[in-house]
Amino acid sequence: MDFTGAYAPENMRFLMQGLYVTLKVAFFSTIFAFLIGSLVGTLRFARIPVVAQVLAVLVEIIRNLPLLLIIFFTRFALPEAGLKVFQNAEYAAIVALTVFEAAMISEIVRSGLQSIERGQMEAARSSGLTYVQALWYILLPQAMRRMVPPMVSQFISLLKDTSLATVIVLAELTHNMQLIAAKNANWVIPIFILGALIYFVVNYTLSILAKRLEARQV
């Protein structure tokens with residue numbers, strides 16, 4: 001094992017470039033998944049006729065598909081359907097992760113809203129608020145506090161799932177680790193040890209944040 005050669009400055013720069021792509025994809029996927037998932041979860045909770053049923057079917061389909069299949073579909077099938085923008089691996093990864101994680105987030109949001117006592121909605125409506133106003137001003141603020149820990153845990157999973165995008169040649173951390181390891185057999189163990197350490201530090205930091213947020217809810 002050649003730790004000195006594996007950790008040469010040029011290799012470290014290449015790894016940091018991969019980490020940047022990983023964090024970038026995770027960041028945008030998290031934002032989009034949160035927005036879409038929150039909207040879908042709220043609409044399902046509101047039980048709007050037809051809309052709620054259609055969304056429920058879509059969410060269940062997505063949740064029961066392998067993320068890797070969604071990544072392949074986005075990267076290779078959609079361009080064949082004329083959506084050439086997804087020939088870009090980064091865009092394809094963001095969209096695939098957003099779709100998959102939005103389905104997960106929608107369930108967290110729906111469960112969070114359902115955990116609020118039904119009497120609060122009735123009290124809000126009897127005080128003159130419309131259904132939407134009661135949902136926005138009364139139920140959602142309380143539900144969001146309860147949803148923070150599971151959402152953070154879901155976003156930790158999202159960050160780890162970015163490594164799956166290496167199969168579509170996205171230049172993220174795992175992909176760059178593989179390229180460096182392929183240069184020299186003596187670099188394989190040192191590079192993957194360092195890569196594992198990087199993932200651990202980032203995800204453990206987020207895990208601590210999730211635990212602290214959860215403790216505040218108790």
Side-chain angles (χ1 to χ4, degrees), residues 21-48 50-78 86 89-116 135-136 139-168 170 172-174 199-200 202-217:
V21 173
T22 291
L23 295 177
K24 180 182 177 182
V25 169
F27 174 78
F28 284 109
S29 300
T30 296
I31 297 298
F32 296 143
F34 174 77
L35 294 175
I36 296 172
S38 296
L39 177 61
V40 171
T42 302
L43 289 174
R44 288 191 64 193
F45 172 79
R47 296 180 181 177
I48 301 172
V50 181
V51 174
Q53 287 83 352
V54 171
L55 291 176
V57 171
L58 290 175
V59 167
E60 288 305 313
I61 290 174
I62 293 169
R63 290 179 63 217
N64 288 285
L65 290 176
L67 175 55
L68 193 58
L69 175 61
I70 297 175
I71 292 174
F72 276 132
F73 181 84
T74 306
R75 172 62 183 84
F76 299 113
L78 293 184
F86 295 117
E90 192 170 297
Y91 293 161
I94 291 174
V95 170
L97 286 166
T98 295
V99 169
F100 186 78
E101 296 299 332
M104 303 301 179
I105 294 299
S106 71
E107 284 299 289
I108 294 174
V109 171
R110 188 172 68 91
S111 299
L113 287 169
Q114 288 179 336
S115 71
I116 305 299
L135 191 62
W136 183 259
L139 269 66
L140 271 175
Q142 298 180 71
M144 279 297 175
R145 293 186 60 190
R146 301 181 183 185
M147 288 186 267
V148 168
M151 277 194 178
V152 173
S153 296
Q154 191 62 45
F155 294 143
I156 291 172
S157 296
L158 187 156
L159 193 147
K160 291 185 290 186
D161 287 342
T162 58
S163 62
L164 293 174
T166 190
V167 297
I168 57 172
L170 177 67
E172 44 76 53
L173 181 57
T174 298
Y199 275 116
F200 173 78
V202 174
N203 288 315
Y204 187 65
T205 301
L206 292 175
S207 297
I208 292 175
L209 173 61
K211 290 178 181 178
R212 290 183 177 179
L213 290 171
E214 187 174 4
R216 290 184 179 181
Q217 307 305 315

Can you see whether T74 engages Y91 through a side-chain donor-acceptor pair at a distance of less than 3.5 angstrom? no
Of all the heavy-atom pairs spanning T22 and L173, show the shortest one and how long it is. OG1-N, 3.0 Å
Which value, rounded to the nearest 0.5 Å, describes the distance between L67 atom CG and D161 atom CG? 5.0 Å
Can you check whether L139 reaches F45 side chain to side chain, under 4.5 Å on heavy atoms? yes
Could you tell me the separation between the CZ atom of F34 and the CG atom of L158, rounded to the nearest 0.5 Å? 13.5 Å
Are any side-chain N or O atoms of T166 and backbone N or O atoms of S163, one a donor and one an acceptor, separated by less than 3.5 Å? no
Give, for atom CZ of R44 and atom CG of L55, the distance between the pair rounded to the nearest 0.5 Å. 7.5 Å
Might you work through the side-chain contact (heavy atoms from CB on, under 4.5 Å) test for K24 and E90, ending with a clear yes or no? CA-CA 9 Å; K24 180 182 177 182; E90 192 170 297; 2.9 Å; yes
At their closest point, which heavy atom of M147 faces which heavy atom of G112, and how far apart are they? CG-CA, 4.0 Å
Within 6.0 angstrom of F76 CZ, more than 12 heavy atoms from elsewhere: yes
So how far is it from L135 CG to T42 OG1, rounded to the nearest 0.5 Å? 6.0 Å
Quick check: closest heavy atoms across T98 and F32, and the distance to 0.1 Å? CG2-CB, 3.5 Å
State whether the side chain of E107 and the backbone N or O of M104 hold a donor-acceptor pair below 3.5 Å, judged by distance alone. no
Determine whether I105 and V40 make a side-chain contact, defined as any pair of heavy atoms from C-beta on separated by less than 4.5 Å. no
Under the side-chain contact (heavy atoms from CB on, under 4.5 Å) rule, what do Y199 and T174 come out as? Steps first, then yes or no, please. CA-CA 10 Å; Y199 275 116; T174 298; 2.7 Å; yes
Between L206 and F155, is there a side-chain heavy-atom distance shorter than 4.5 Å? no
Identify the heavy atoms of A103 and I62 that sit nearest to each other, and give their distance. CB-CG2, 3.7 Å
Specify the closest pair of heavy atoms between L170 and A93, including all atoms of both residues, with the distance to one decimal. CD2-CB, 3.9 Å
I'd like to know if the side chain of R146 reaches the main chain of S115, judged simply by a donor and an acceptor atom lying under 3.5 Å from each other, with no hydrogens or angles considered. yes
Smallest heavy-atom separation, I108 atom then M151 atom, equals CG2-CG, 4.0 Å
Between the OG1 atom in T30 and the CG atom in L97, the distance rounded to the nearest 0.5 Å is 8.5 Å
